[in-house]
Amino acid sequence: NAGVTQTPKFRVLKTGQSMTLLCAQDMNHEYMYWYRQDPGMGLRLIHYSVGEGTTAKGEVPDGYNVSRLKKQNFLLGLESAAPSQTSVYFCASSYATAGRGELFFGEGSRLTVL
Amino acid sequence: LAKTTQPISMDSYEGQEVNITCSHNNIATNDYITWYQQFPSQGPRFIIQGYKTKVTNEVASLFIPADRKSSTLSLPRVSLSDTAVYYCLVGGDTGRRALTFGSGTRLQVQP
């Protein structure tokens, strides 16, 4: 049982470069989320999706884009990386809404922007 | 959005009961209260969820008073492996409401 899988797990970028983080879940969950966590801080919601083909902004969406073309995948893109985007990124999914159901998290993707 | 307030940190010893209280004064009628645990370099893990009164599972209990403006996570007989950050979340059944984690409570269990 893979659950929620994030790739890549580590990445180093230079300022201005672009990249995409992939989140895949095999639990047939409708809801998917992208969070970022800075050192010593809690998780902040970047974007989320309530179903295939839908996306919505969270608390800190600026500088990120997302797509949910397939139900099982949720992609997070950085078009022009900035040092302020150095963080650990967590993807999560849930069967029901996050407030009612259980969030299942991936292992995280550590991104460093130089 | 229901904002939550938790203590920044707590210390305990092995074998003790630990109670972590979360304040959520503006909780909405359809909001549930959920607690997550996070170890370093890992994603958070679901512990327990409740709406009112008391909920108990194999790892914790959740106490919610009648006014639901606060909740208490109770960890019985903690061990060193319970050292982690604990987050209290409040949210409802409307998918378009963002779910915020806050800073959590850092629990340190000592031998």
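Note on naming: letters A, B, ... go to the chains in the order of the sequence lines (proteins, then strands), and numbering restarts at 1 for each one.
- In terms of heavy atoms, B/Tyr87 sits closest to A/Met41 at OH-O, 3.8 Å.
- In this structure, A/Glu102 and B/Thr34 have side chains that are not in contact, with every pair of non-hydrogen atoms separated by 4.5 Å or more.
- With hydrophobic clusters built from ILVMFWY side chains whose heavy atoms lie under 4.5 angstrom apart, A/Val50 does not share a cluster with A/Ile46.
- Other residues, nucleotides and ligands place more than 12 heavy atoms under 6.0 Å from the CD atom of A/Gln72.
- Counting heavy-atom neighbours within 6.0 Å of A/Glu79 CD, excluding the residue itself, gives a total of 12 or less.
- Using a 4.5 Å heavy-atom cutoff, the side chains of B/Pro44 and A/Leu103 are not in contact.
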**Request:** Starting from the C-alpha separation in whole Å, work towards a yes-or-no answer on side chain to side chain contact (heavy atoms under 4.5 Å, CB included) for A/Phe90 and B/Gln38.
**Result:** CA-CA 12 Å; A/Phe90 288 101; B/Gln38 186 180 28; 3.8 Å; yes
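- Within 6.0 Å of OH on B/Tyr51 lie more than 12 heavy atoms contributed by other residues, nucleotides or ligands.
- Neither the backbone nor the side chain of A/Gln6 comes within contact range of chain B; no heavy atoms are under 4.5 Å apart.
- Proximity of A/Arg110 to B/Ser41: side-chain heavy atoms (C-beta onward) are separated by under 4.5 Å at one or more points.
- Heavy atoms from other residues, nucleotides or ligands lying under 6.0 Å from OH of B/Tyr13 number 12 at most.
- Heavy atoms from other residues, nucleotides or ligands lying under 6.0 Å from CD1 of B/Ile8 number 12 at most.
- Note that CZ of A/Phe105 is 6.5 Å distant from OH of B/Tyr36, once rounded to the nearest 0.5 Å.
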